[in-house]
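Protein chains get the first letters and strands the later ones, always in sequence-line order, with residue 1 at the start of each. If you're wondering where the values come from, they're calculated on a predicted model, not measured in any experiment.
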4 protein chains.
Amino acid sequence: MGRHSKVHSASTAAPAKTRTEKAAERSAAIVIAALAEFSEKGFAAARMEDVARRAGVAKGTIYLHFKDKQALFEGILLQVITPTIAALEHGVAAGESALALFKGLLPLIRDIDSSPRGDVIRLLISEGARFPELTETHYRVVIERGLAALKKVAQRAVDRGEMRSDALVRFPQLLSAPLLMGIIWTSLFGRFQALDIEAMYDAYIDLLFQDAPRPGNPPS
Amino acid sequence: MGRHSKVHSASTAAPAKTRTEKAAERSAAIVIAALAEFSEKGFAAARMEDVARRAGVAKGTIYLHFKDKQALFEGILLQVITPTIAALEHGVAAGESALALFKGLLPLIRDIDSSPRGDVIRLLISEGARFPELTETHYRVVIERGLAALKKVAQRAVDRGEMRSDALVRFPQLLSAPLLMGIIWTSLFGRFQALDIEAMYDAYIDLLFQDAPRPGNPPS
Amino acid sequence: MGRHSKVHSASTAAPAKTRTEKAAERSAAIVIAALAEFSEKGFAAARMEDVARRAGVAKGTIYLHFKDKQALFEGILLQVITPTIAALEHGVAAGESALALFKGLLPLIRDIDSSPRGDVIRLLISEGARFPELTETHYRVVIERGLAALKKVAQRAVDRGEMRSDALVRFPQLLSAPLLMGIIWTSLFGRFQALDIEAMYDAYIDLLFQDAPRPGNPPS
Amino acid sequence: MGRHSKVHSASTAAPAKTRTEKAAERSAAIVIAALAEFSEKGFAAARMEDVARRAGVAKGTIYLHFKDKQALFEGILLQVITPTIAALEHGVAAGESALALFKGLLPLIRDIDSSPRGDVIRLLISEGARFPELTETHYRVVIERGLAALKKVAQRAVDRGEMRSDALVRFPQLLSAPLLMGIIWTSLFGRFQALDIEAMYDAYIDLLFQDAPRPGNPPS
DNA sequence: TATGAATGAGTCTTCATTCAT
DNA sequence: CATGAATGAAGACTCATTCAT
């Protein structure tokens with residue numbers, strides 16, 4: 001039945017969604033709502049009813065898409081992880097200079113603190129420790145690969161003389177440190193003292209590459 | 001008996017605690033227990049009964065010292081803030097070189113992720129956004145001052161030529177970015193990939209001062 | 001199924017309750033149970049769980065209908081007030097003689113101490129002072145009007161020479177004094193000495209009209 | 001020891017209270033405080049700590065005088081019952097006319113609603129049903145005797161022709177009905193419509209004796 | 001599928017009572 | 001005797017989850 005229902009809905013003019021598509025949309029709406037609620041109130045304090053209301057569905061509907069509250073939490077990460085991986089794998093492939101590569105991240109960083117991606121990071125930071133399995137998945141799928149890629153880029157940069165310090169090779173996490181700091185700062189203290197994450201990141205990258213003999217501009 | 005009790009307590013060598021002292025001890029024990037529970041389970045998910053058990057008191061006893069769960073949370077921050085301020089004010093006063101000053105922080109960082117101080121930071125990161133007033137207090141009392149001090153040190157370092165980049169002057173938060181990153185990393189991914197926060201910090205500081213003409217070795 | 005369910009429910013003869021009707025029934029059941037529990041144990045000592053059990057619902061269900069324990073208390077009065085008003089307004093309209101009117105109340109009084117109306121009165125007497133707003137509503141809606149009506153009837157009776165004393169005109173509350181006394185007596189001392197409230201009331205009314213020249217039997 | 005301690009305290013100039021006397025005073029203070037709290041908040045809702053504070057003693061002290069909360073409640077009634085009985089027994093003995101006797105009660109009624117006696121009555125009305133044993137004692141000791149006395153007076157009044165109706169003989173409770181009504185009214189609705197209990201009582205008594213051929217003015 | 005009324009386990013919080021000082 | 005810190009049983013209320021419609 002499912003596969004052919006498209007025929008029926010085709011009679012309605014506009015979207016013509018299959019049952020599966022509609023389900024996917026619903027799921028997405030729920031995930032988005034959950035992300036907002038969880039990141040705002042915290043996992044434990046967020047109420048399923050509020051998630052439902054925000055997603056525009058009834059309380060029971062959530063349970064048609066997610067086994068329970070925890071599964072909903074997992075759903076959030078999954079939904080965000082997928083596109084991230086793609087982006088990652090692609091990004092490193094290009095043999096650009098590390099500086100160009102890092103600077104190229106800047107647009108992604110702009111307004112991150114008010115974006116869903118920022119919410120996910122905040123959520124992971126706040127609640128991750130309570131969900132070991134999820135965190136492991138996230139580590140295996142995103143972090144591990146991301147850091148490996150980063151390390152490669154950093155090593156390349158050092159080899160090419162773009163970067164003098166090997167700090168980033170030894171601790172590739174350092175690249176994201178200011179980002180985390182920025183997100184946390186904004187969420188906690190942004191009201192009192194705004195922080196331009198993008199500018200901070202820019203300054204940070206310059207710091208990393210400071211003084212390094214530019215390629216083609218070898219130190220005499 | 002009352003009037004002469006001084007005599008009795010004088011005979012017991014060590015403890016001889018006044019009622020007030022005992023109350024303060026109890027409070028401290030409860031705060032420590034609460035810090036552990038809150039940071040482990042999260043504020044909302046932590047159970048007062050577990051806090052009590054961990055502190056070795058009865059459920060009701062907590063309420064003799066703290067109005068409610070939220071007041072307990074506040075108590076944690078307060079108890080930690082006080083010594084921090086003192087440390088801060090003292091630290092900057094000394095006119096040491098920035099490098100020496102920053103390197104001097106290293107011992108404080110060692111094992112921070114498994115220390116109460118690390119717990120407090122984690123707690124603040126995770127739950128701070130849900131306690132705006134507390135966060136404001138913390139900002140006014142600790143962060144604002146700390147950053148101002150940092151900025152001054154950084155500016156001095158730049159003026160003296162110890163540090164080339166002014167990134168730290170513009171974004172003093174950057175100094176703590178690796179620390180946060182380290183704490184978060186350890187709590188989330190430490191199982192999979194240990195991170196030596198101290199070493200990372202050391203490398204980071206070297207990064208900041210890299211290439212800078214050493215004082216006494218002024219650029220010709 | 002949804003669209004045609006009307007057909008199904010039409011086939012079942014009697015109940016066919018809409019969701020709203022069922023909710024109203026539930027509310028009523030809860031109110032009745034609460035009245036019983038509150039009047040038996042007192043507001044503070046009554047347990048919500050017992051109310052629930054008595055109403056045949058789960059604890060949580062009460063909170064779907066009433067915000068909290070106090071709202072439940074309010075619900076009791078509201079549910080009882082409504083019919084009372086109607087009765088009041090109607091009763092006085094008729095221009096009967098005061099004696100006939102008062103004697104007409106007797107059936108209402110019979111067994112009042114074991115009726116829900118008696119429970120409400122007892123509840124109001126016992127707990128009313130702790131719920132000033134509720135009491136005000138009750139006063140405005142029931143008492144004030146009732147007394148005004150009573151006063152009018154009493155005045156008419158005096159004017160017509162049915163009643164000699166003007167006590168009831170000045171203190172219309174007096175009419176209900178024996179009723180209250182009866183209810184209180186029964187609840188406190190009924191075990192030791194039964195009291196026939198109806199008979200007492202009858203005697204009391206005779207007392208009020210004693211010796212008064214009967215209409216149509218004018219004093220010679 | 002107890003009996004002779006007076007000698008010691010006699011050395012202090014003024015009060016010179018024996019241990020027993022001081023204990024009695026404490027008890028009395030506690031009872032008075034409890035009466036106020038219970039009648040204000042209700043038995044269940046009243047807090048022992050508030051009673052203690054009001055009595056100017058520590059929480060634990062109450063338990064030196066009363067076994068538990070219920071015993072405290074009993075203590076209230078006991079403390080009030082004793083003087084009442086004496087008054088009763090004495091009052092009836094005198095062979096005065098019923099009218100004089102009843103009118104003689106008026107001073108006792110003045111301001112009863114704001115007096116401790118009023119509080120006790122209110123307390124008994126509100127909570128009595130929850131303390132069957134206490135109520136029984138009260139009935140046996142106060143009510144039963146009081147009513148019997150009342151009945152005797154009423155009978156005498158009827159016999160003497162002072163009162164025509166035998167309502168009061170059959171239902172001696174009727175005499176106190178307006179009093180109860182007045183106390184309840186004042187506590188519930190006094191804010192909206194003040195009620196002069198004394199005046200009402202006066203009118204009520206007149207009602208009882210209205211029209212009765214005055215003694216010495218026998219009906220022809 | 002979608003709904004939301006119903007459930008009841010789980011938690012915070014209160015407060016009568018005890019007892020070491 | 002007096003105190004008040006400590007206890008822990010008890011109860012109001014919440015909310016994840018189920019299920020009849």
Side-chain angles (χ1 to χ4, degrees), chain A residues 2 19 22-23 26 44-53 56-72, chain B residues 1-2 5 8-9 17-20 22-23 26 44-52 56-72, chain C residues 1-2 5 8-9 17-20 22-23 26 44-53 56-72, chain D residues 19 22-23 26 44-53 56-72:
Chain A
R19 193 163 297 194
K22 269 199 294 190
R26 273 269 162 92
R47 299 166 64 246
M48 292 299 268
E49 180 151 16
D50 290 338
V51 172
R53 195 189 339 278
V57 302
K59 228 182 324 167
T61 304
I62 297 181
Y63 290 86
L64 297 176
H65 295 261
F66 301 91
K67 184 177 144 291
D68 55 19
K69 205 183 184 185
Q70 165 143 358
L72 183 50
Chain B
M1 185 190 83
S5 60
H8 292 291
S9 56
K17 293 165 193 162
T18 68
R19 195 161 295 194
T20 316
K22 270 203 296 192
R26 276 278 220 260
R47 296 168 62 246
M48 292 298 268
E49 182 152 16
D50 289 339
V51 173
V57 302
K59 226 184 325 167
T61 305
I62 298 181
Y63 291 88
L64 296 178
H65 297 261
F66 302 91
K67 189 180 139 291
D68 55 17
K69 204 182 182 184
Q70 165 141 0
L72 182 50
Chain C
M1 184 190 84
S5 60
H8 293 292
S9 56
K17 291 165 193 162
T18 67
R19 196 162 294 197
T20 316
K22 270 202 296 191
R26 276 277 218 260
R47 297 169 61 246
M48 292 299 269
E49 182 151 17
D50 290 338
V51 172
R53 199 191 333 280
V57 301
K59 223 184 327 164
T61 304
I62 297 180
Y63 292 89
L64 296 178
H65 296 262
F66 302 92
K67 185 178 143 292
D68 55 19
K69 206 181 183 185
Q70 163 141 0
L72 182 50
Chain D
R19 193 163 298 195
K22 269 199 294 188
R26 274 269 161 89
R47 299 165 66 246
M48 292 298 267
E49 179 151 18
D50 290 338
V51 173
R53 194 189 340 276
V57 301
K59 230 183 323 167
T61 305
I62 297 180
Y63 290 85
L64 298 175
H65 296 261
F66 301 92
K67 183 178 144 291
D68 55 18
K69 204 181 184 186
Q70 165 141 358
L72 182 50

- Item | Separation of F:dA10 C1' from C:Arg47 CZ (nearest whole Å) | 8 Å
- Task: Side chain of B:Met48 only, please: which of E:dT7, F:dT7, E:dC12 is the nearest?
- Result: E:dC12
- Message: Using whole Å, what does the distance between atom C1' of nucleotide E:dC19 and atom CD1 of D:Ile62 come to?
- Response: 16 Å
- Close side-chain approach of C:Lys22 and C:Arg26, heavy atoms under 4.5 Å: no
- Message: How many whole angstroms separate atom CG of A:Asp68 from atom P of F:dC15?
- Response: 17 Å
- CZ of C:Phe66 versus P of E:dA6: gap in Å, rounded? 12 Å
- Against the side chain of A:Lys69, the closest entry in E:dA6, F:dT17, E:dA16 is F:dT17
- DNA chain E: 5'-proximal contact among D:Ala44 and C:Gly60 (nearest heavy atom): C:Gly60
- Task: Could you tell me whether the side chain of C:Lys59 has a donor or acceptor atom within less than 3.5 Å of a complementary atom in the base of F:dG11?
- Result: no
- Just how far, in rounded Å, is P of F:dG8 from CD of B:Glu49? 10 Å
- Identify the heavy atoms of D:Lys69 and D:Ala46 that sit nearest to each other, and give their distance. NZ-O, 2.9 Å
- Do B:Met48 and B:Leu72 have side chains that get closer than 4.5 Å, going by heavy atoms? yes
- By the Watson-Crick or G-U definition, both distances under 3.5 Å, E:dA5 is matched with F:dT18
- Message: Counting the atoms with a prime plus P, OP1 and OP2 as sugar-phosphate, which does B:Ala45 contact under 4.0 Å by heavy atoms, base, sugar-phosphate, or nothing?
- Response: nothing
- Message: E:dA6, OP1 or OP2 - any side-chain N/O from C:His65 closer than 4.0 Å?
- Response: yes
- Query: Across the strands shown, which category fits B:Ala46 at heavy-atom distances under 4.0 angstrom: base, sugar-phosphate, nothing?
  - Reply: sugar-phosphate
- Message: Can you work out whether B:Ala58 or C:Tyr63 has the more 5'-proximal nearest nucleotide on DNA chain F?
- Response: B:Ala58
- For B:Leu64 and E:dT13, give me the distance from atom CG to atom C1', rounded to whole Å. 12 Å
- Message: With a 4.0 Å limit, can you tell me whether C:Arg26 has a side-chain N or O closer than that to the phosphate oxygens OP1/OP2 of E:dA6?
- Response: yes
- Note on the structure: On a heavy-atom basis, the closest approach of C:Ala23 and C:His65 is O-CE1, 3.4 Å
- Message: Using every non-hydrogen atom in the two residues, find where B:Asp68 and B:Tyr63 come nearest and quote the distance to one decimal.
- Response: CA-CE2, 4.0 Å
- Message: What is the distance, to the nearest angstrom, from the CG atom on D:Asp50 to the P atom on E:dA16?
- Response: 9 Å
